[in-house]
Amino acid sequence: QRISASSLEHDVAAKLRTSPARCADQTANGSRWACLVGSGQAARCVVVDVSITGSWSLEQRPAHCRYP
């Protein structure tokens, strides 16, 4: 596992300046996550790519973001 869900959720919420963030691993190794950020009508899905070292970045134009 490259990063824990709780750590990623905290970091994504901080970077996007919104909360809560809920993230679900889309792969078996934690390299790609779908995160639902915000609440209510303002909620949106973002895709997060995590490197082998644990650093992460938001996908610029996620085509198929689906939070479970």
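When a residue number appears, it is its place in the shown sequence, counting from 1. Heavy atoms only: backbone and side chains are in, while hydrogens, waters and symmetry mates are out.
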S.K.: If you group Ile, Leu, Val, Met, Phe, Trp and Tyr by side-chain heavy-atom gaps below 4.5 Å, do Ile3 and Leu58 land in one group?
M.R.: yes
S.K.: Can you name the nearest heavy-atom pair linking Ala34 to Cys65, along with the distance?
M.R.: CB-SG, 4.4 Å
S.K.: Please name all residues satisfying side-chain contact (heavy atoms from CB on, under 4.5 Å) with Arg44, sequence neighbours left out, ordered by chain then number.
M.R.: Leu16, Val37, Val46
S.K.: Taking the side chain as every heavy atom from C-beta outward, state whether Gln26 and Val47 have any atom pair closer than 4.5 Å.
M.R.: no
S.K.: Kindly write out the residues that satisfy side-chain contact (heavy atoms from CB on, under 4.5 Å) with Ala5, not counting sequence neighbours, or none if the list is empty.
M.R.: Glu9, Trp33
S.K.: Roughly how far, to the nearest 0.5 Å, is OG of Ser7 from CH2 of Trp56?
M.R.: 9.5 Å
S.K.: Got a sec, which residues hit side chain to side chain donor-acceptor pair (under 3.5 Å) with Ser51, two or more places apart in sequence or on another chain?
M.R.: Thr53, Ser55
S.K.: Find out if a path of hydrophobic residues (ILVMFWY) with successive side-chain heavy-atom gaps under 4.5 Å connects Leu36 to Val12.
M.R.: no
S.K.: Not counting sequence neighbours, which residues clear salt bridge (Lys or Arg N to Asp or Glu O under 4.0 Å) with Asp49? List them please.
M.R.: Arg32
S.K.: Distance-only criterion, 3.5 Å: show the donor-acceptor pairs between side-chain atoms of residues 17-25 and protein atoms not counting sequence neighbours.
M.R.:
from: Asp25; atom 1: OD1; to: Thr27; atom 2: N; distance (Å): 2.9
from: Asp25; atom 1: OD1; to: Thr27; atom 2: OG1; distance (Å): 3.1
from: Asp25; atom 1: OD2; to: Gly30; atom 2: N; distance (Å): 3.2

S.K.: State whether cysteine residues Cys35 and Cys45 meet the disulfide criterion of an SG-SG distance below 2.5 Å.
M.R.: no
